[in-house]
Every structure is written in C-alpha cells, then in structure tokens.
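The structure appears below as structure tokens.
When a ligand or atom number is given, it counts from 1 through the structure's own listing order.
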Amino acid sequence: MAVKHICCIGAGYVGGPTMAVIAQKCPDIKVTVVDINEKRIAAWNHEDLSKLPVYEPGLDEVVKEARGRNLFFSTEVDKAIEEAEMIFISVNTPTKTYGKGKGMAADLKYIELCARQIARVSKSDKIVVEKSTLPVRTASAIKSILENTGNNVNFQILSNPEFLAEGTAIQDLHAPDRVLIGGETSAEGERAIQELVDVYSQWVPKENILTTNVWSSELSKLTANAFLAQRVSSINALSELCEKTGADVNEVAKAIGMDSRIGPKFLKSSVGFGGSCFQKDILNLVYIAKTYGLNEVADYWEQVIIMNDHQKRRFANNIVSTLYNTVSGKKIAFLGWAFKKDTNDTRESAAIYVADDLLNEQAQIAAFDPKVEEEQMYADLDYLNTRSSDENRKGLSVFKDPYEACKDAHAVAVLTEWEEFKEYDWKRIYDNMQKPAFVFDGRGILDKKLLNNLGFVYYRIGEGAQEAMEVQASH
Ligand SMILES: NC(=O)c1ccc[n+]([C@@H]2O[C@H](COP(=O)([O-])OP(=O)(O)OC[C@H]3O[C@@H](n4cnc5c(N)ncnc54)[C@H](O)[C@@H]3O)[C@@H](O)[C@H]2O)c1
C-alpha cells in the first residue's frame, strides 16, 4: 500500500510547517491538515501569505507552492481521517495544570480525544503517527483506545517525533539531521515503518532516516530536548560566575566550544530559554523518572529548570538594582517578546517573566517586537494570573515603532535576538532616552564598544558592567 492520503490533526507550529514540506516534496500525496480552531485554519487559507498563523522564514514560499495543489487546510476533521491511510497526530501536549502530576506531567487529553475520534471514524486500516512529543509508552495507551473502540479496523502506531527548531523550521525540515521513526517490531509494524520511510525518503537521504522501537523513539525526543536545555542552563550557570569574577562568558564559551568533544553550538548565554517545549518536556521527563522511583534522575534534570528560572529572575533583579533599586514609574523599553528570533511564538518566552517581575516593581513597560501582536503580549501576561487584565494593560504599552518604545525610557532591555536590533540607530535611541541611559542586553547581540562610546551604560549577561569591574579593581 503506497500512502496516497495523509491527514494531520493539529495545524500548529509543528503540524503546519511539517505537512507543508511533506506536500511540497511529495506531490503525489494529498495532505490535509485539520484543526478545530477555525480562526487558525482560516489564517492558513489566507490569500495574503504574510497572514499565515505561523511565522517562519521560507514557509510562505512552501505554502504557495503546495496549497490548493496537494496541500489543504480544513476544519472537517472526520472527513480527512476517513480519507487518509496515514494520520499524524500533532496536537498540543501542555503541562498538566490540574490533578495528579499537576505542573509536571504532560496533559494527554488532546491526544486521547484524537485517538477516540480516529477510532470512531475509521472504516479502513490506518497508520497512526505520533508527531506530538509524548511521554515514553504513550503509544500503548493510544493502541489500547484504538483497538477497544474501533470498527474492526487494523491500526499501526508509529512514533515520529519532530526535531525542527522554530525560526529555522523550513531549513530543518528540508535537510533534517535525522528523521526518527519508531514502530512495533512485528511484521505489520515493520511494514508501517517502511510506509513512512517511503514518504521521507522522497527527499531525505536514507542514511539520515533512523528506525527504532517505539519506546526508544518516544524517549529520544524528550532526551534531545533535555540535553539541549541542559547546555543552555550550564552556560547560563557559568555566566553568573563570570560576572562575579571578571571572566567573559563568550570567551569561555568559545574556548570550550573549540573542544570537538563539546562543540560550539548552543553555548550562547542568555536571559534563559523559552519556547513551548524545553520546560514542558523536561518536567515530563522528571515526572516519568519520579513515577519509576528514580529520584536522583528526576532531581538531576529538574535542576535545568531551576537554573533557567533563576536566570530570568536575576536579569529582572539586575535591572531593578542597577536603576538605583527602584523602577517604580520608570519606563523600561523591551526589544523583543518572542522566545527567539524569526518566530512569532511567545510561549514560555523569557520576556513574559521579566515583564511580570518588573510590573511587580511598578515599572512601565514599553514593548516592541517585529512579529508579535499586541493582543498576544497581553494574553501572555494575563495567563500568569499575577494581576488583573486591566492592571496588565496599564503597566504594559505595546509599540509598532522601536524608537517610540525607547523614547524617554530609563533603560532598554533586549529580550529577543532579532537581527534588526543590531542595525538600529542607537545614537537616535540614546538621544531620546533619560540619562544615564542603560541597556540590558539579555541576548548579547549589541555592539558594546559602539554603545559605550555613545554614552550608554551597557550590561551584557555573563560580563560584569564596566563600572562594576572598576569598583572591583580599586579594592
Ligand atoms: N513547537 C515546536 O517547536 C515543537 C517542536 C517539536 C515538537 N513539538 C511538539 O509538537 C506538538 C504540537 O506542538 P505545536 O507547537 O504545533 O502546538 P500548537 O499549540 O501550535 O498546535 C496544536 C494544534 O492542535 C489543535 N488541536 C488540539 N486538539 C485538537 C483536536 N482534538 N482536533 C483537532 N485539532 C486539535 C489546536 O487547536 C492547535 O491549533 C507538541 O506535542 C509539541 O511538544 C513542538
């Protein structure tokens, strides 16, 4: 059976781009991406490609090529399930906010709903592919639901975790380091694995397609995210020590990164990692370890999150203490709100938590982000439930122009590493700010020399401020 119809449930940051690329690379397969969120589907179908619900460099071109040809976005979930031989589940798996495992375990209610819907609708055999990131052994729960409620239909469950990084999703999907496919070790399982291998091998070299058993595949995704986040927390832990000792974290990162056993990537110290995945997946790993009684394993990984929270908090604290121990009524400009550059995704962005801390100190925040909408920023703050929606709107103003955001500010805080921030007219920004004019570069992207020459007091994570160094030197 060659797959001719693919359905993907969930048109989010993973479902949208991955299916767009599959459709682009496999013109003989009809790919239908479905979602219950009508607004999102309407945005995917928007004529103006700048209005797609996910911003990713190059995504618009891929959608332009395939949409209407063999790529479709729809809210008709049942119809797409019925038609497909292969169904990807790409719905969200957030951290549970209630009951057992609250604040730790992955909430699998959306996954279960999908499994039940597939079971109810299916009239022919299906290969069900877990694209969402799931706790190890979820495939057995999905299988049990499908087998006990189906209409005598055969289901094969595959795990095919997604390793794309937001901001470089299209590049990552076009040339993945590897594609991982886990399946049952039975003959049927191997046939199902081969069907999915055949899809990817239309553009991914065979040696980059890795097949394993289901459990290894599920656990590999959590492990990959844990290792990546751990590198960020490791370098961030050292950044604080650098600030105290006069070492420069960028120099340390370069020196250790040249060791081929360590490697140079993911060693950039910053205000902390964000995004919908790292924290959620590590918490999930911690929870799984605990449920098996592996407390030392759980504690080890939990420390990665503790360090990340500390890094965000200490960035906010440093702004307050540097601004003479009070930011009450002071305008603080935020450059960037997205959790990283080249995406409009703000989930778990460090900016939200730094803003929350500064609002607690009664600062007036003026935010600018090239891709994030005003309403999203308010929704992010409201979600924390720290204060009323009205109070959030009084404390945060959102600007469409970065120079307006920075005008009359006491300090500028860089929260996202957007390239355009480097190109701004920093003299103009300086001239229009309160003096002394402070810059807190949470991403280490600005030209320190230039800013110092213009008169800014410049603070970069992992490097003591000039004055602080001088004070130390005089002792
Ligand atoms: N965002 C990333 O960079 C990334 C990378 C790799 C893996 N993942 C994983 O992929 C999964 C999806 O992440 P995302 O960022 O795309 O999430 P998302 O929130 O952007 O998208 C999920 C979509 O699923 C839809 N949905 C939920 N239940 C549904 C149902 N029953 N029927 C139809 N649609 C339904 C939602 O409306 C939403 O649009 C998660 O498990 C995540 O951990 C994400």
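- The cationic atom of R178 (NZ for Lys, CZ for Arg) lies less than 6.0 Å from the six-membered ring centre of F163 and within 45° of the ring axis.
- When the options C8, G10, S132 are ranked by their closest heavy atom to atom 24 (O) of ligand 1, first place goes to G10.
- If you look at C277 next to ligand 1, the close heavy atoms, those under 4.0 Å, all belong to the side chain.
- For atom 37 (O) of ligand 1, the candidate residues are N225, D35, T75, L164; the nearest heavy-atom contact is made by D35.
- C114 SG, 3.9 Å is the protein heavy atom nearest to atom 31 (N) of ligand 1.
- Ion pairing between K221 and E218 fails under the 4.0 Å rule for side-chain N and carboxylate O.
- Regarding atom 7 (C) of ligand 1, its nearest protein heavy-atom neighbour is T133 OG1, 3.4 Å.
- Using a cutoff of 4.0 Å between basic side-chain nitrogens and carboxylate oxygens, E82 and K123 are scored as salt-bridged.
- Looking at ligand 1, you won't find any N or O of Y110 less than 3.5 Å from one of its N or O atoms.
- Near E166, with a cut-off below 4.0 Å to any heavy atom, the atoms of ligand 1 are 1 (N), 2 (C), 3 (O).
- The nearest heavy-atom contact from the protein to atom 6 (C) of ligand 1 is E162 O, 3.1 Å.
- Contact analysis leaves V77 out of contact with ligand 1, as no non-hydrogen atom separation drops below 4.0 angstrom.
- Side-chain contact between I9 and I118 is present, with heavy atoms from C-beta onward closer than 4.5 Å.
- Residue contact check: S90 has heavy atoms under 4.0 Å from atoms 12 (C), 22 (C) of ligand 1.
- Scanning N92, V91, I81 for the heavy atom closest to atom 29 (C) of ligand 1 points to V91.
- Taking a cutoff of 4.0 Å between a charged side-chain nitrogen and a carboxylate oxygen, D78 and R120 qualify as a salt bridge.
- Atom numbering of ligand 1 starts at 1 in the shown order; those under 4.0 Å from a heavy atom of T93 are 40 (C), 41 (O), 43 (O).
- Heavy-atom separations between K280 and ligand 1 include at least one value shorter than 4.0 Å.
- Taking the six-membered ring for Trp and thresholds of 30 and 60 degrees, F440 and F315 have ring planes more than 60 degrees apart, a perpendicular arrangement.
- Of the protein's heavy atoms, I9 CG2, 3.5 Å lies nearest to atom 32 (N) of ligand 1.
- Proximity to K221 (heavy-atom distance under 4.0 Å) selects the following atoms of ligand 1: 6 (C).
- Residue V14 holds the heavy atom nearest to atom 4 (C) of ligand 1 of all those in V14, T343, D172.
- When each of K371, K340, R347 is paired with E166, the salt bridge (charged side-chain N to carboxylate O under 4.0 Å, His left out) condition holds for R347 and for no other.
- Using a cut-off of 4.0 Å between Lys/Arg side-chain N and Asp/Glu carboxylate O, E162 and K131 are scored as salt-bridged.
- Considering backbone and side-chain N/O atoms, R347 comes within less than 3.5 Å of an N/O atom of ligand 1.
- Residue contact check: S276 has heavy atoms under 4.0 Å from atoms 1 (N) of ligand 1.
- Salt-bridge check for E195 with R191: failed, with every basic side-chain N at 4.0 Å or more from each acidic carboxylate O.
- A side-chain donor from one of S239 and Q311 sits under 3.5 Å from a side-chain acceptor of the other.
- For atom 30 (C) of ligand 1, the closest heavy atom belonging to the protein is I36 CD1, 3.8 Å.
- Salt bridge present: E83 and K30 bring a charged side-chain N and a carboxylate O closer than 4.0 Å.
- Salt-bridge annotation for D356 and R387: present, with a side-chain N of the basic residue lying under 4.0 Å from a carboxylate O of the acidic one.
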